[in-house]
Amino acid sequence: PKKTFRKRSRESEKADDSVLRKREITSLRIASRREYLKKREKKKVEELKDEIDFELSRFDGVKLTEEEEIELRFKKELYDLLKKTEDDDDNVSSGYYRIPDAYDREGVIDQKKRFAAATRRDSESKRGKKTEQEAWEDHQAEKATVRFGAKNKKQATDGYEFVFGDYVETSSEMETEEQRGCDSRTVAEKAKEGRKFLPIYAYRDELLELIEENQVLVIVGETGSGKTTQIPQYLQEVGYTKRGKIGCTQPRRVAAMSVASRVAQELGVKLGHEVGYSIRFEDCTSEKTVIKYMTDGMLLRELLIEPKLDSYSVIMIDEAHERTLCTDILFGLVKDLAMVRPDLRLIISSATLEAQKFSEYFDSALIYMIPGRRYPVEKLFSKWPEPDRLETAVRTVFQIHQTEPLGDILVFLTGQEEIETAETKLKLRMIDMGTKSSEIIICPIYSNLPTELQAKVFEPAPKGTRKVVLATNIAETSLTIDGIRYVVDPGYCKINSYNPRTGMESLLETPISKASAEQRAGRSGRTGPGKCFRLYNVKDLNATTTPEVQRANLASVVLTLKSLGIQDVFTFDFMDPPPEDALYKALELLYALGALDGKSEITKLGERMVEFPVDPMLSKMIVGSEKYKCSEEIITIAAMLSTGNSIFYRPKKQQYIADSARMIFYTENVGDHIALLRVYNSWKETNYSSQWCYENFIQSKSMRRARDIREQLAGLVRKIGVELTSNPNDLDAIKKAILAGFFPHTAKLQKDESYRRVKEPQTVYVHPSSGLFGESLSKWLVYHELVLTSREYMRHVTEMKPEWLVEIAPHYYELKD
Ligand code: ADP
Ligand code: MG
């Protein structure tokens with residue numbers, strides 16, 4: 001094992017000049033810091049020992065399985081190793097250094113050191129730096145190899161670094177009602193006053209006049225000028241709500257919720273009364289609601305129930321520049337609607353100048369620009385290639401903290417996982433640098449963050465402190481956070497991408513577009529001159545992002561369109577038409593599922609499927625469960641699958657314990673779907689206890705969400721006239737019901753222990769997060785979804801029998817022999 005460490009330092013000697021430079025700076029670390037780091041390493045060693053002791057006591061008297069033994073042995077080895085090398089300076093790898101000249105002004109570029117975004121990934125992998133996701137996959141893969149007897153220990157050490165990462169828990173304690181009550185009063189007063197200072201205020205009357213005169217109006221305005229929060233209120237003030245509701249769509253759930261709560265505050269009403277929001281699986285509106293914020297997907301669903309949207313007087317399609325799939329479909333639908341509803345007002349609002357395109361699409365609609373206030377933003381970018389963008393982002397935050405005047409920092413990251421890692425890294429480094437916890441306030445914001453924590457991001461930082469907001473793309477244009485003076489932009493975002501040929505959908509981390517880069521930088525110049533630190537060169541970016549409709553799985557929207565009576569999806573008035581392949585693929589799938597008939601018309605089954613706000617395969621699974629008399633079980637599984645892969649909780653310090661706790665739900669190798677069902681049912685038996693979740697490494701907030709979703713699905717199942725029946729012990733029946741929806745997602749084991757999709761020539765692997773990963777390999781699997789990270793992985797898999805395919809989907813599969 002000692003060899004590994006030596007090898008690592010030799011590797012770094014080969015590294016290029018940027019790394020040499022880093023080492024040079026690193027060597028300037030002051031002695032006291034070294035002392036400190038040593039102490040920290042020691043602490044880690046002690047913690048590891050505690051963990052081993054804990055695990056030993058846990059298994060006290062119980063005979064260890066072979067795997068458990070191997071894992072414990074590994075840990076002990078690691079512990080010995082660390083103890084031995086404690087004094088070896090070279091192992092204190094986490095050197096910190098200031099990088100005063102790491103950033104260059106835009107335009108002054110050292111060509112050699114400049115790096116192309118495209119080659120960045122390359123260099124990342126060459127250097128052996130991995131994303132956390134990859135590391136965890138490798139780590140899991142390593143575990144499996146060990147189980148199968150391969151002795152590849154060299155690689156194994158790579159995974160171990162992650163054993164050390166400290167886990168920082170975020171408290172999600174709710175405030176008491178009173179606290180919130182008195183808080184919101186003062187905030188509400190401030191909010192009301194603030195309305196007059198927004199850039200849009202000066203144009204209120206003119207804007208209202210134009211809306212009155214023009215059925216369709218395209219509005220462009222800088223983010224934060226007040227479009228989303230003010231326009232609906234202005235319309236309400238002059239009486240539009242007497243004729244009907246004002247609906248405002250948002251591409252993101254968090255934005256819909258947060259903006260609605262802000263507007264309710266400004267109007268001094270309770271959220272859900274006059275002002276409400278509606279997002280998938282959550283309706284916070286009432287009879288009284290006149291201003292309704294909702295996701296674009298929800299308005300699409302409302303069109304199914306109310307094709308002419310008669311209860312609305314104004315529809316505002318906000319954040320139009322985001323060009324999400326649902327927004328694009330809405331464009332086509334509301335454009336038609338405008339003709340049959342001359343009284344309806346349409347507002348298309350956007351943060352960027354793509355407005356011309358919107359205007360043309362809506363038959364030369366008038367464009368109204370709200371002049372924004374914008375202070376100059378100084379843009380700086382990193383001079384040398386940064387293999388680990390997260391690390392660099394965190395370092396940059398500290399650089400700003402030490403060298404720049406007070407002001408809040410906004411860091412753009414790709415998703416929850418990156419944000420959580422960054423939060424941990426920041427907190428660790430704060431301890432290392434001796435930064436007082438009162439100096440920096442870290443506020444994460446992403447779509448799965450519990451609502452009560454989302455509000456924190458808008459609270460101003462107390463005097464003398466600096467707020468560091470870690471946000472996804474959501475802070476690019478959807479949400480405006482006041483007080484941001486510095487932006488740190490690593491230049492990546494996650495986008496959904498679908499390959500119609502293979503039917504594979506994946507969330508890919510992609511470089512952002514130039515337009516996004518500008519928007520992100522702009523966030524620092526709202527209240528005064530700002531600075532934007534870019535970890536990339538803007539020259540390497542594409543001008544804009546491809547609209548989602550051109551890279552998404554269209555099955556769900558095609559079914560919605562069919563159900564709205566739009567027969568020919570090929571002639572639908574898309575602003576940018578999707579590839580024909582993708583449309584064909586969607587029609588084919590819907591036909592295979594039985595939602596469309598041979599004439600491509602929607603069937604009775606299809607009509608029932610549309611009722612469920614989920615993907616067609618999932619809705620077919622639910623509707624199909626009637627036949628197998630296990631709808632209770634199936635809606636539980638569907639609800640658990642819809643919570644977003646956040647059921648199992650793996651604190652970094654206790655990964656092994658968490659993993660073994662999880663395996664309890666997998667006895668007899670049942671597969672992920674049924675394990676999820678068991679988790680839910682066990683939780684239910686404890687009367688939905690949070691304590692039980694805690695003890696079993698289950699996230700209770702995800703479970704509560706699953707329970708809400710389940711309730712709604714149950715309601716919908718009753719609505720379509722299916723009786724809820726339970727058949728808990730017939731696992732085959734449950735598996736068959738899953739297959740009824742997911743029969744196109746099947747794979748067969750190959751000789752080399754990979755899998756091959758049954759109907760596609762594609763090699764896939766069981767995802768490391770699966771309980772079947774590295775277990776005895778089932779010959780045939782049905783999977784929930786494919787995800788592409790380092791490989792093409794099947795997430796959520798369950799064993800099945802090939803005969804079932806012919807039984808359940810004879811039109812799709814036939815027997816060969
Ligand atoms: P736009 O839609 O033009 O980007 P918004 O109407 O979203 O602008 O924002 C206007 C102002 O309202 C901003 O200054 C923003 O900080 C504030 N604001 C919006 N939502 C919230 C919220 N949930 N909490 C506090 N302030 C908010
Ligand atoms: Mg807005």
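Start at 1 with the first residue, then count along the sequence. Being a predicted model, the structure only gives us computed values, none of them experimental. What you see below is based on every heavy atom in this structure, not just the backbone, and it leaves out hydrogens, waters and symmetry mates. Indexing begins at 1, ligand by ligand and atom by atom, following the structure's order.
In this structure the side chain of Tyr234 reaches within 4.5 angstrom of the side chain of Tyr201, judged on heavy atoms. Considering only heavy atoms from C-beta on, Gln215 comes within 4.5 Å of Arg345 through its side chain. You'll find the side chain of Thr295 stays beyond 4.5 Å of the side chain of Pro251, heavy atoms only. In this structure, Tyr368 and Val218 have side chains that are not in contact, with every pair of non-hydrogen atoms separated by 4.5 Å or more.
Among protein heavy atoms, atom 24 (N) of ligand 1 sits closest to Phe458 CG, 3.3 Å. Shortest contact from atom 8 (O) of ligand 1 to any protein heavy atom: Gly226 N, 3.1 Å. Atom 11 (C) of ligand 1 has Leu198 CD2, 3.7 Å as its closest protein atom, hydrogens excluded (heavy atom only). Looking from atom 4 (O) of ligand 1 to the surrounding protein, the closest heavy atom is Gly224 N, 2.6 Å. The closest protein non-hydrogen atom to atom 7 (O) of ligand 1 is Thr228 CB, 3.9 Å.
In terms of modelled atom types and a separation under 3.5 Å, the side chain of Thr289 and the main chain of Lys292 share no donor-acceptor contact. Counting only distance, with no hydrogens or angles, the side chain of Lys467 and the backbone of Glu459 share a donor-acceptor pair below 3.5 Å. A donor-acceptor distance shorter than 3.5 angstrom exists from the side chain of Asn537 to the backbone of Lys539, with no hydrogens or angles considered.
Looking at Gln233 against ligand 1, nothing comes within 4.0 Å, counting heavy atoms.
Ring geometry for Phe533 against Tyr486 counts as tilted: the plane angle lies between 30° and 60°, on a 0 to 90° scale.
The distance cut-off of 2.8 Å around the Mg ion (ligand 2) captures these protein N, O or S atoms, sorted by chain and number: Thr228 OG1.
In summary, the side chains of Tyr312 and Glu306 do not present any donor paired with an acceptor at a separation below 3.5 Å, with no hydrogens or angles considered. Side chains of Tyr240 and Glu212: a donor on one and an acceptor on the other come within 3.5 Å. No side-chain N or O of Tyr492 forms a donor-acceptor pair with one of Glu418 less than 3.5 Å apart.
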Give the C-alpha distance, both sets of side-chain angles, the deciding distance and a yes or no for salt bridge (charged side-chain N to carboxylate O under 4.0 Å, His left out) between Glu518 and Lys379.
CA-CA 10 Å; Glu518 278 314 297; Lys379 293 162 196 154; 3.2 Å; yes
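Of all atoms in ligand 1, numbered sequentially from 1 with element shown, those under 4.0 Å from a heavy atom of Ser258 are 23 (N). The atoms of ligand 1 that sit less than 4.0 Å from any heavy atom of Glu222 are 3 (O).
Within the structure, ligand 1 has Asp482 among the residues with a heavy atom less than 4.0 angstrom away. Using a 4.0 angstrom heavy-atom cutoff, Gln265 does not count as in contact with ligand 1. Judged by the shortest distance from any of its heavy atoms, Gly221 lies outside the 4.0 Å radius around the atoms of ligand 1.
Cation-pi geometry between Arg520 and Phe412 is met: the NZ or CZ atom falls under 6.0 Å from the ring centre, inside 45° of the normal.
The number of heavy atoms from other shown groups lying within 6.0 Å of CG (Asn496) is above 12.
Between Thr477 and ligand 1, no N or O atom pair is found at a separation short of 3.5 Å. Between Thr480 and ligand 1, at least one pair of N/O atoms sits closer than 3.5 Å. For Ser225, a nitrogen or oxygen atom sits less than 3.5 Å from a nitrogen or oxygen atom of ligand 1, counting backbone and side chain alike.
Ranked by closest heavy atom to atom 17 (C) of ligand 1, the top entry among Gln230, Gln250, Arg262 is Arg262. With distances taken over non-hydrogen atoms, the option nearest atom 6 (O) of ligand 1 out of Thr223, Ile219, Thr229 is Thr229.
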